[in-house]
Structure formats: C-alpha cells, structure tokens
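Below: one structure, written as structure tokens.
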Amino acid sequence: MSVDHRRTIDQSWLADMRASLADDFATQTARLRELTELNADTGDPGEAHNQAALLAATRQTIEQITGALSRISDGTYGACQRCQRSIPAERLEILPHARFCVPCQEKQNR
C-alpha cells in the first residue's frame, strides 16, 4: 500500500470504523449462536431452508467483518484488493467490509 493511502485515512475515523466493525462482529456472533441453538427440526422443509439461508448469510457477514478487521490491523484497510487504489470513505461508511473500489467490484461481479 502506498504511503499516500495511509495518510488519507484519518486515524480517529479508522478507530471509529474498527469499533463499529467490532460491535457488528459481536452482534452477528450472538445472532449466529442464537440461530444455531434454535436449529430445531420443525419438520417444515420451508422453515429448514430459511434457517439454513439465515445461518449462511450470518456466517458470510462474520467472515466479511473479520476480513475488514484484519485489513485494519495489517494497514491495508481502505485499499482496493484488486487495483490498490483507495476506496472512497463514503463507500466504506456504507459498506465497511468493502474489499474493492466500485469499478473493480463491478468487474468482480461479472
């Protein structure tokens, strides 16, 4: 990552983002624990499908948050993992676990 990128990320903003991600991680972990404990078989295939989808989505969210926290720790948070350019702060505020800038995300989605 370039020195310019590191300078553009305000340290207090980064600390706030880390705290917000840590709170989200705790919330999602509690949700996963709750969903796992409620994993009783009701005999309804639709309900089982919904439960499985919720579990998968919650696990994916936890994985995304963990990745963002790791990038904060290693100093790469806010840099696109594809082109290495800075991801705009506005994007990170909306999607704090974003790994790519918008153009690279669009390429990734194709």
Side-chain angles (χ1 to χ4, degrees):
M1 177 181 353
S2 71
V3 174
D4 290 336
H5 171 71
R6 287 189 198 136
R7 268 193 231 130
T8 60
I9 294 184
D10 177 77
Q11 290 305 307
S12 66
W13 180 85
L14 193 58
D16 289 346
M17 191 60 73
R18 180 185 294 121
S20 176
L21 284 162
D23 286 346
D24 289 347
F25 179 83
T27 299
Q28 293 300 319
T29 302
R31 181 177 184 207
L32 181 62
R33 187 172 28 257
E34 186 177 298
L35 287 169
T36 303
E37 290 170 359
L38 295 176
N39 200 12
D41 186 7
T42 61
D44 180 357
E47 184 65 30
H49 177 75
N50 288 343
Q51 185 76 7
L54 284 171
L55 282 166
T58 303
R59 286 185 179 118
Q60 181 180 16
T61 300
I62 290 171
E63 189 175 297
Q64 291 170 334
I65 293 168
T66 301
L69 289 168
S70 293
R71 290 189 298 281
I72 289 173
S73 293
D74 68 19
T76 61
Y77 185 77
C80 177
Q81 290 185 335
R82 188 174 201 161
C83 71
Q84 304 309 311
R85 288 189 214 124
S86 292
I87 299 171
E90 297 82 11
R91 176 167 169 74
L92 293 170
E93 287 173 7
I94 293 168
L95 193 64
H97 58 270
R99 298 181 314 141
F100 305 107
C101 63
V102 172
C104 289
Q105 184 67 60
E106 288 172 350
K107 290 175 190 170
Q108 185 77 12
N109 290 345
R110 287 185 203 151

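Fair warning: this is a prediction, and the values are worked out from it, not measured in the lab. Values reported hereafter were calculated over all heavy atoms of this structure, with side chains retained and with hydrogens, waters and symmetry mates removed.
Both Ile72 and Leu92 belong to a common hydrophobic cluster when Ile, Leu, Val, Met, Phe, Trp and Tyr are linked at side-chain heavy-atom distances under 4.5 angstrom. Hydrophobic clustering places Ile65 together with Ile87 (ILVMFWY residues linked when any side-chain heavy atoms are closer than 4.5 Å, directly or through intermediates). Under a hydrophobic clustering in which Ile, Leu, Val, Met, Phe, Trp and Tyr are joined whenever their side-chain heavy atoms come within less than 4.5 Å, directly or via other members, Leu69 and Leu95 fall into different clusters.
Using a 4.5 Å heavy-atom threshold, the side chains of Ser20 and Pro96 count as separate. Within the 4.5 Å cutoff, the side chain of Arg18 has no heavy atoms near those of the Tyr77 side chain.
Under the side chain to side chain contact (heavy atoms under 4.5 Å, CB included) criterion, Arg33 pairs with Thr29, Ala30, Glu37, sequence neighbours left out. A search for side chain to side chain donor-acceptor pair (under 3.5 Å) contacts involving Gln60 returns nothing, not counting sequence neighbours. Shown here are the side chain to side chain donor-acceptor pair (under 3.5 Å) partners of Ser73, two or more places apart in sequence or in another chain: there are none. With sequence neighbours excluded, the residues that form a side chain to side chain donor-acceptor pair (under 3.5 Å) with Arg99 are Gln81. Evaluation of the side chain to side chain contact (heavy atoms under 4.5 Å, CB included) rule for Arg31 yields Gln28, Leu35, Leu54, Thr58 as partners, not counting sequence neighbours.
If you take CD on Glu93 and CH2 on Trp13, they are separated by 6.0 Å, rounding to the nearest 0.5 Å. For the atom pair CG of Asp10 and CE of Met17, the computed distance is 11.0 Å after rounding to the nearest 0.5 Å. To the nearest 0.5 Å, atom OG1 of residue Thr66 and atom CD1 of residue Ile62 are 7.0 Å apart.
Counting only distance, with no hydrogens or angles, the side chain of Arg82 and the backbone of Cys101 share no donor-acceptor pair below 3.5 Å.
A pairwise comparison of heavy atoms in Gln84 and Ala79 identifies O-CB, 4.2 Å as the closest pair.
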Distance-only donor-acceptor hits, side chain of residues 103-110, under 3.5 Å, sequence neighbours excluded:
| unit_1 | atom_1 | unit_2 | atom_2 | d |
| --- | --- | --- | --- | --- |
| Gln105 | NE2 | Asn109 | OD1 | 2.9 |
| Asn109 | ND2 | Gln105 | O | 3.4 |

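When the shell of 6.0 Å around CD of Glu63 is examined, it contains 12 or fewer heavy atoms from other residues, nucleotides or ligands.
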